[in-house]
Amino acid sequence: MSELNTLTIAEARDALARGDLTSTELTDACLSAIEDAGALNAFVHGTPDIARDQAKAADARIKAGDAPAMCGIPLGIKDLFCTKGVPSQAASAILKGFKPQYESTITTKLFDAGSVMLGKLNMDEFAMGSSNETSTYGNAVNPWKVDDRQLTPGGSSGGSAAAVAADLCLAATGTDTGGSIRQPAAFTGITGIKPTYGRCSRWGVVAFASSLDQAGPMTKSVRDAAIMLEAMCGHDPKDSTSADLPVPNFEAMLTGDIKGKVIGIPREYRMDGMPGEIEKLWADGTAMLKDAGATIIDISLPHTKYALPAYYVIAPAEASSNLARYDGVRYGQRAKLAAGEGVTEMYEKTRAEGFGHEVQRRVMVGTYVLSAGFYDAYYNRARKVRTLIKRDFEEAFEQGVDAILTPATPSAAFGLGEMGDADPVQMYLNDVFTVTVNLAGLPGISVPAGLDANGLPLGLQLIGRPWEEGDLLNIAHSLETAAGFVSKPSKWW
């Protein structure tokens, strides 16, 4: 029974249906694994009582023959999702003690499908970060290790990635604003998909940059991603950006047949100083898809080099607007005031004490680029660049390209504390291959495809046509099969 937590969603679903195990047993195995994995700091709020109650209810549904695919599956929920009556802090001190009186649409859908919530997962504060080092809970730790170096699990969904890679849960929710599902998935050897913008509801997800944020699943396989994504998708009238489109059976689309598919290789992603291991992985992935019957063509995405600066204007601008609501008046932390201090001092002190350095940095950058003298020079120009980036992808798809293959990250996981706070741009460069996908609103998936010289996982990214997650998942499934990545971290925690 101690091995049950290592199952995939598909394996657990089938075993539950056969009666080989119960959701209660599965949940207890995960709760035991979480208890043993304190050193990873992946879970920040445990919900064992809720989990056991949900597992019992799931077992009853399965016995009655009323069991959707996710019924009885134990999940971790990123701390960015509001969960009713359960702390939902977005890993920020300013939301300490906040327990929402409502449930996010995504978690509602998952719980309605019978999923089990094991607890809330660590992340970068307000999803701002690429290493999980901005969290008020302290950083999560990658279960993969080199010698005695503790490595980042990536960010912002670092707790989600660490928990799935270490088999603390069968899958987890993540969010992706500039790569926050795909980069940590690549760093920890798991699968993570960011759907098309509007495919999953943002209602009840704490906002970072509203035109870029999108929720998605982080799983142990592409098949699991297909199963979980279907449960998460669907139109939500409470989210004005939610698409009113039918949700396909993504798992049924995993035929593995990609003969005749056209895969684009963007020449602009071949960057100066790219490590040889990343170049080789990319070339190997290209060969795998070609051997599976796909046609490989070179494409150009000419405005790629402007994506990172455009992203780091648009995202902080939206963040500065979204985070203006945290003032200590209605919920969360409120600073103590000295005699004679008034509401202005309360706002200033609360925000200074509640927001971490990275959040403060981005709010200030965002406020600056939106200010009267700089709005046109920065924010409007970045919006125009975003339109050009979107057009680059549209032109590639008009050429008949079905998906685009790129590296997921410029390196394997780096050591915690190695990037430092002195030069934030070095940290921002981790998003170089992923931000274009968010700016264009496209679906993107990271699939583990190999190991570097130190034995750390490396991921490849596939970018798909808008609303064609099924096709993208099938191509990813073919790549996953060819790569045959089965490595797991050695348990040291």
Side-chain angles (χ1 to χ4, degrees), residues 176-179 181-182 193-200 202 209-214 216 229 233 235 240-248 250 253 258 260-271 282 285-286 289 294-315 318 379-408 431-446 460-476 479:
D176 193 309
T177 305
I181 285 174
R182 291 159 290 149
I193 182 169
K194 181 207 90 75
T196 310
Y197 182 80
R199 179 64 95 174
C200 289
R202 293 183 299 109
S210 302
S211 74
L212 300 163
D213 299 343
Q214 192 63 192
L229 182 61
C233 290
H235 180 241
S240 62
T241 62
S242 173
D244 192 0
L245 292 172
V247 179
F250 294 124
M253 300 173 82
I258 63 166
K261 294 292 180 186
V262 178
I263 308 298
I265 308 297
R267 64 179 66 101
E268 288 79 9
Y269 280 56
R270 298 188 188 283
M271 297 181 173
W282 195 8
T286 303
L289 292 174
T295 301
I296 309 297
I297 66 167
D298 284 330
I299 61 168
S300 178
L301 300 171
H303 295 95
T304 296
K305 63 183 175 183
Y306 305 116
L308 212 56
Y311 173 83
Y312 278 102
V313 169
I314 291 168
E318 295 186 13
Y379 184 65
N380 254 349
R381 188 172 292 184
R383 288 172 61 211
K384 289 172 184 173
V385 169
R386 180 181 192 168
T387 301
L388 293 171
I389 289 166
K390 191 166 185 281
R391 186 68 196 134
D392 286 348
F393 283 106
E394 287 168 356
E395 287 175 0
F397 295 134
E398 284 164 8
Q399 292 175 39
V401 169
D402 294 292
I404 296 165
L405 180 71
T406 79
D431 303 329
V432 67
F433 298 128
T434 50
V435 295
T436 52
V437 180
N438 299 79
L439 289 168
L442 299 172
I445 186 169
S446 176
L460 285 171
Q461 174 180 234
L462 282 160
I463 303 165
R465 294 169 173 267
W467 315 114
E468 297 292 344
E469 287 86 358
D471 197 33
L472 179 66
L473 284 159
N474 186 43
I475 296 169
L479 180 62

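Keep in mind that the numbers below use all heavy atoms, side chains included, and drop hydrogens, waters and symmetry copies. What you see is a predicted model; the values in this text were computed from it and never measured.
Under a 3.5 Å cut-off, the side chain of Lys194 and the backbone N or O of Leu442 do form a donor-acceptor pair.
Of all heavy-atom pairs between Phe393 and Ala440, the closest is CD1-CB, 3.7 Å. Scanning all heavy atoms of the two residues, the minimum distance from Phe433 to Pro407 falls at CB-O, 3.4 Å. Shown here for Ile314 and Ser211, the closest heavy-atom pair between the two residues is CG2-OG, 4.4 Å. Listed here is the closest heavy atom pair of Asp176 and Ile181: OD2-N, 3.1 Å. When all heavy atoms of Leu289 and Leu462 are compared, the closest pair comes out as CD1-CD2, 4.3 Å. Contact record, Asn438 with Gly179: OD1-N, 3.7 Å, taken as the closest heavy-atom pair.
For Tyr379, the side chain to side chain donor-acceptor pair (under 3.5 Å) test picks out no residue, with sequence neighbours left out. For Asp213, the side chain to side chain donor-acceptor pair (under 3.5 Å) test picks out Thr177, with sequence neighbours left out. In this structure Tyr311 satisfies the side chain to side chain donor-acceptor pair (under 3.5 Å) test with no other residue, sequence neighbours excluded. For Glu468, there are no side chain to side chain donor-acceptor pair (under 3.5 Å) partners two or more places apart in sequence or in a different chain. Residues passing the side chain to side chain contact (heavy atoms under 4.5 Å, CB included) test with Pro195 are Arg199, Cys200, Gln214, Leu229, Glu469, sequence neighbours excluded. By the salt bridge (charged side-chain N to carboxylate O under 4.0 Å, His left out) test, Arg386 is found to be paired with no residue, residues two or more places apart in sequence or in another chain being considered. The salt bridge (charged side-chain N to carboxylate O under 4.0 Å, His left out) check on Asp392 picks up nothing, with sequence neighbours excluded. The salt bridge (charged side-chain N to carboxylate O under 4.0 Å, His left out) search around Glu395 returns Arg391, not counting sequence neighbours. Looking at residues two or more places apart in sequence or on another chain, you find no ring-ring contact (aromatic ring centres under 6.0 Å, His included) involving Phe397. Partners of Thr241 by side chain to side chain contact (heavy atoms under 4.5 Å, CB included), not counting sequence neighbours, listed by chain and number: Tyr197, Arg202, Asp239. Under the side chain to side chain contact (heavy atoms under 4.5 Å, CB included) criterion, Thr434 pairs with Arg182, Asp431, Gln461, not counting sequence neighbours.
When side chains are defined from C-beta on, Lys384 does not count as touching Thr387, because their heavy atoms never get closer than 4.5 Å. No side-chain heavy atom of Leu388 sits less than 4.5 Å from a side-chain heavy atom of Tyr306. You'll find the side chain of Asp402 stays beyond 4.5 Å of the side chain of Ile258, heavy atoms only.
In this structure, the separation between CD1 on Ile463 and OG1 on Thr406 is 4.5 Å, given to the nearest 0.5 Å. Note that CG of Leu439 and NZ of Lys390 are 11.5 Å apart. Values are rounded to the nearest 0.5 Å.
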**Study point:** side-chain contact (heavy atoms from CB on, under 4.5 Å) evaluation trace for Ile297 with Gln399
**Key:** CA-CA 10 Å; Ile297 66 167; Gln399 292 175 39; 4.2 Å; yes
Side chains of residues 262-271: which donor-acceptor pairs under 3.5 Å do they make with residues two or more places apart or in other chains?
| from | atom 1 | to | atom 2 | distance (Å) |
| --- | --- | --- | --- | --- |
| Glu268 | OE1 | Leu301 | N | 2.7 |
| Glu268 | OE2 | Ser300 | OG | 2.6 |
| Tyr269 | OH | Thr436 | OG1 | 2.7 |

